[in-house]
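Structure, as structure tokens:
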Number of protein chains: 2
Amino acid sequence: MSVDSETTCNHKHQFHHCNSDGTCMDDESCISLVPIFNHLEPAQMDEIMSLIRSLKFKRGENLYSPGDPANTLYIVSEGKIKIYRLSESGKEQLIRFLRPGDFTGELALFSDTVHEAYAEAIEDTSVCTITRSEFNELLLKYPSISLKVLSEFSHRLEQSEKQTTRFATERVETRIALFLIECMDKDSRSQIVELPMSKKDLASYLGTTPESISRKLTEIEEVGLIEQISNKKIKILDLDGLLNV
Amino acid sequence: MSVDSETTCNHKHQFHHCNSDGTCMDDESCISLVPIFNHLEPAQMDEIMSLIRSLKFKRGENLYSPGDPANTLYIVSEGKIKIYRLSESGKEQLIRFLRPGDFTGELALFSDTVHEAYAEAIEDTSVCTITRSEFNELLLKYPSISLKVLSEFSHRLEQSEKQTTRFATERVETRIALFLIECMDKDSRSQIVELPMSKKDLASYLGTTPESISRKLTEIEEVGLIEQISNKKIKILDLDGLLNV
DNA sequence: CGACGCTTTGACTATACTCAACCCGTGTGG
DNA sequence: CCACACGGGTTGAGTATAGTCAAAGCGTCG
């Protein structure tokens, strides 16, 4: 595993300093924010806290790479992580970003197998980790956690299959339009969408090129469906129109 | 739900007659073949058997359609089921086929939501069903089942993300080549691949058109990597070559 | 035998990629 | 404070890829 961590600790209640953008979390609040744990009793939380181990990764380091054995669950407490894959022909595709509270490593956690994706820290990052065997014991002891994880998995699977179908059947222009609409849902009721990543990354995420993103956005703007306010800000002028792109 | 089943029964140990192709299973062997259950004790199996309910679907009927509430797990005991989605723009994409022993409905089983795909019986089909609430109770009572389901989910998620990346980054020709290689892995060591579906369905599965499938196969044949024996049979002549298409 | 659906082939077109040049904003170092 | 380098972003020209539409071949099943 290409982990080259600075510090590893193995004790309860380690606290960090907050960073400027307010995304800081100590280990405990990190754990308690994770949906799969947030229904537990304080006593159970303490038990989990005793199992976790803090790790730090510097910007550019990989939490794991394809081929690494998948035996650890990572929960992000600070920083930002990029999950991406290389296709058989070597092209990179962005799968998703992880922010504090998100977790990864789960994909292969339950099969005895290796990772197929890269998890790269794109900022200095702190994560809480639990080993596979300890996590499995936890699941056997508290079956309600399993149901939470199953719920999370089924949701992600649904998303992934939907994404697959989009790639398989929709034009680039439509994929961009659908992406904008989904961004809007989160900010809800504001007409202004803030792109959550660079257009280069967006291209990778949507399976296209930066050039095509640029061109298609211009086209969509020219027919009056959107207005490009700035590099990252886009105003939605005609939602129904976008849906029919 | 567009279920219009012929018979519904709710008792243990209902037996069916075997059909000609040997895919028949009575309910119990159906259940015991499912990976998520096959580690259980006989007594636990009996308990599960008491929860299941048999349903039959005629060719062409839908087990569920998008918008139907997802509250049932379906386990196929006889027949063949096609899972497909419609994209936002109305194009159909084949997700997978289910054969005896496979299950579906799990996607949204753990989230309180509705189906987004179609499950259509393409032959007369028998399924065993368990309701969401009963299945959840089962999972809480026997946590080891959860681990099996999690394992199955994580594998499927891995597959789905891999498929997404292929669609996002690979050309049609490459997708076809990779599909052939994966088909070969199953039959292992025979050089002859039997396509598991019509080329029309394969086109839908691979996110392309029947015309392109036909043309690309011809091209791959012309450069000597494969030989098309018959409509459904393809002989692999140069595996390494295929990998580099 | 005929009808139907799947498959193939051909001609044409649309879509989006590649490559190259240039622009712009930011951050760095002199 | 300016010059510069760097990376992202945009624009243009040309090309590759695969989709559409149409017609004809083939197989299977009633």
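Chain A is the first sequence line, chain B the second, and so forth, proteins listed ahead of strands; every chain is numbered from 1.
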Taking distance alone, no hydrogens or angles, what donor-acceptor pairs closer than 3.5 Å link side-chain atoms of residues 206-216 of chain B to residues at least two apart or in another chain?
unit_1   : atom_1 : unit_2   : atom_2 : d
B/Thr209 : OG1    : B/Ser212 : N      : 3.2
B/Thr209 : OG1    : B/Ser212 : OG     : 3.2

| side chain to side chain donor-acceptor pair (under 3.5 Å) partners for A/Gln163, two or more places apart |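 Partners of A/Gln163 by the side chain to side chain donor-acceptor pair (under 3.5 Å) criterion come out as none, since no residue qualifies.
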
| query | Is it the case that B/Arg175 places NZ or CZ above or below the six-membered ring of A/Phe167, under 6.0 angstrom from the centre and within 45 degrees of the axis? | reply |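 B/Arg175 over A/Phe167 ring: no.
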
For the pair made of [atom1] in [X] and [atom2] in [N], what is the distance, rounded to whole Å?
X: A/Ile176; N: D/dG9; atom1: CD1; atom2: C1'; value: 14 Å
X: A/Asn231; N: D/dG8; atom1: CG; atom2: C1'; value: 8 Å
X: B/Glu173; N: D/dG19; atom1: CD; atom2: C1'; value: 16 Å
X: A/Gln228; N: D/dT10; atom1: CD; atom2: C1'; value: 10 Å
X: B/Glu170; N: D/dT17; atom1: CD; atom2: P; value: 13 Å
X: A/Glu211; N: D/dA13; atom1: CD; atom2: P; value: 15 Å

| field | Verdict with reasoning, A/Arg85 to B/Glu158, per salt bridge (Lys or Arg N to Asp or Glu O under 4.0 Å) | value | CA-CA 11 Å; A/Arg85 296 179 153 256; B/Glu158 194 79 41; 2.8 Å; yes

| query | Quick one: do the B/Ser204 and B/Asp201 side chains pair a donor with an acceptor below 3.5 Å? | reply |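 Absent: no donor and acceptor within the cut-off.
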
| Do A/Thr72 and A/Tyr64 meet the criterion of a side-chain donor-acceptor pair at a distance under 3.5 Å? |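 Side-chain D/A pair, A/Thr72 to A/Tyr64: absent.
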
| request: With a 4.0 Å heavy-atom cut-off, tell me which residues in residues 213-223 of chain B come close to DNA chain C, sorted by residue number. | output: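 Contacting residues: B/Ser214, B/Arg215, B/Thr218.
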
| task | Check each residue of residues 198-208 of chain B for a non-hydrogen atom within less than 4.0 Å of any atom in DNA chain C, then write out the ones that pass by number, or none. | result |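 The stretch gives B/Ser198, B/Lys199, B/Lys200 as the residues lying under 4.0 Å from the strand, ordered by number.
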
| Nearest nucleotide by nearest heavy atom, which residue falls closer to the 5' end of DNA chain D, B/Val172 or A/Ser212? |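 The answer here is A/Ser212.
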
| Side-chain donor/acceptor of A/Asp68 to backbone N/O of A/His115, under 3.5 Å |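 Checking the backbone N and O of A/His115 against the side chain of A/Asp68, no donor-acceptor pair under 3.5 Å is found.
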
| said: Any side-chain to backbone donor/acceptor pair from A/Glu182 onto A/Phe179? Under 3.5 Å, distance only. | reply: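 No, the answer is negative, given that no donor and acceptor are paired below the 3.5 Å cut-off.
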
| query | Around atom NZ of A/Lys80, are there more than 12 heavy atoms of other residues, nucleotides or ligands at under 6.0 Å? | reply |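 It does: A/Lys80 NZ has more than 12 such atoms within range.
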
In a table with atom names and distances, give each donor-acceptor pair under 3.5 Å that connects a side chain of residues 90-97 of chain B to protein atoms at least two apart or in another chain.
unit_1  : atom_1 : unit_2   : atom_2 : d
B/Lys91 : NZ     : A/Thr169 : O      : 3.2
B/Glu92 : OE2    : B/Lys82  : NZ     : 3.4
B/Gln93 : OE1    : A/Thr165 : OG1    : 2.8
B/Gln93 : NE2    : B/Tyr205 : O      : 3.3
B/Arg96 : NH1    : A/Glu161 : OE2    : 3.1

| field | Boundaries of the DNA chain C segment in contact with chain B, non-hydrogen, under 4.0 Å | value |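 Here the contact window of chain B covers C/dC6 to C/dA11.
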
| Is there a side-chain contact between A/Glu88 and B/Leu178 (heavy atoms, below 4.5 Å)? |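 Yes, their side chains come closer than 4.5 Å.
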
